[in-house]
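A single structure is presented below for examination.
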Amino acid sequence: MKSSTIKKTVLAFGIVVLISNSAFSQSQNRQEKTPPSFSELIKEMDANEDGKLSKDEIKGPLKEDFSKIDTDEDGFISEEEFKNAPKPKGRGRK
């Protein structure tokens with residue numbers, strides 16, 4: 001009888017852990033991601049360390065909108081241009 005009680009306790013504990021992990025991961029997925037700062041992008045992508053981002057150095061949505069962000073058309077995105085860039089449109093809810 002003692003063995004049966006222990007098995008039930010372990011099973012119940014396992015179910016509680018699974019449910020709590022599932023709820024936690026769902027709440028983590030709901031948090032909105034904040035876009036990186038210019039200094040974070042420089043650290044990650046500025047290969048030649050000139051303080052600007054060329055089209056060859058960047059990737060993702062920033063590269064897709066390069067011409068919109070590079071307002072002085074010098075082939076680089078400066079910190080000022082990045083700050084004044086149009087904000088990306090958020091994805092709609094499913």
Side-chain angles (χ1 to χ4, degrees):
M1 181 140 157
K2 215 175 195 183
S3 176
S4 175
T5 305
I6 291 172
K7 286 180 184 178
K8 288 179 183 177
T9 303
V10 169
L11 180 61
F13 181 74
I15 291 171
V16 168
V17 169
L18 286 174
I19 291 171
S20 65
N21 282 345
S22 176
F24 179 74
S25 68
Q26 287 178 355
S27 69
Q28 292 295 317
N29 290 338
R30 289 185 191 141
Q31 292 178 354
E32 291 191 29
K33 295 179 182 178
T34 58
S37 67
F38 187 76
S39 61
E40 290 170 334
L41 290 175
I42 289 290
K43 286 178 189 174
E44 183 181 329
M45 296 185 203
D46 187 17
N48 63 1
E49 299 179 354
D50 63 353
K52 300 182 282 186
L53 297 171
S54 69
K55 192 168 188 173
D56 293 335
E57 293 174 317
I58 60 175
K59 57 189 173 200
L62 194 59
K63 188 168 192 151
E64 294 167 12
D65 293 332
F66 189 87
S67 60
K68 294 177 189 173
I69 300 168
D70 180 25
T71 55
D72 64 4
E73 299 176 355
D74 66 349
F76 298 97
I77 296 176
S78 65
E79 185 171 8
E80 191 65 30
E81 288 172 321
F82 181 77
K83 287 179 182 177
N84 295 326
K87 303 298 178 219
K89 294 178 183 175
R91 293 186 287 185
R93 291 187 175 229
K94 293 180 180 181

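Note that the structure is predicted; figures quoted are calculated from it, not measured.
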Can you tell me which residue pairs pass the ring pair (Phe, Tyr, Trp, His ring centres under 6.0 Å) test with a partner in residues 33-64, sequence neighbours excluded?
-> F38-F82
How long is the span from the CG atom in L53 to the CG atom in D46, to the nearest 0.5 Å?
-> 5.5 Å
Just jot down the side-chain contact (heavy atoms from CB on, under 4.5 Å) partners of P35, sequence neighbours excluded, or say none.
-> none
Under the side-chain contact (heavy atoms from CB on, under 4.5 Å) test, which residues partner K63, sequence neighbours left out?
->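 side-chain contact (heavy atoms from CB on, under 4.5 Å) list for K63, sorted by chain: K55, I58.
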side-chain contact (heavy atoms from CB on, under 4.5 Å) filter on D72, not counting sequence neighbours, yields D70, D74, E81
Rounded to the nearest 0.5 Å, what's the gap from CG on L41 to CD1 on I77? Could you check?
->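 Here the interatomic distance stands at 9.0 Å.
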Starting from F76, walk the hydrophobic network (Ile, Leu, Val, Met, Phe, Trp, Tyr; side-chain heavy atoms closer than 4.5 Å) and list everyone else you reach, by chain and number.
-> none
In chain order, what residues pass the salt bridge (charged side-chain N to carboxylate O under 4.0 Å, His left out) check against E79, with sequence neighbours excluded?
-> K83
Considering all heavy atoms of both residues, which atom of E57 and which atom of M45 are nearest to each other, and what is their separation?
->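 Looking at all heavy atoms of both residues, the closest pair is CB-O, 3.4 Å.
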Residues two or more places apart in sequence or in another chain: which of them pass side chain to side chain donor-acceptor pair (under 3.5 Å) with E64?
->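 Scan of E64 (side chain to side chain donor-acceptor pair (under 3.5 Å), adjacent residues dropped) gives none.
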Report the residues that fulfil salt bridge (charged side-chain N to carboxylate O under 4.0 Å, His left out) with E80, sequence neighbours left out, ordered by chain and then residue number.
->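 Counting only residues at least two positions away or on another chain, E80 forms no salt bridge (charged side-chain N to carboxylate O under 4.0 Å, His left out).
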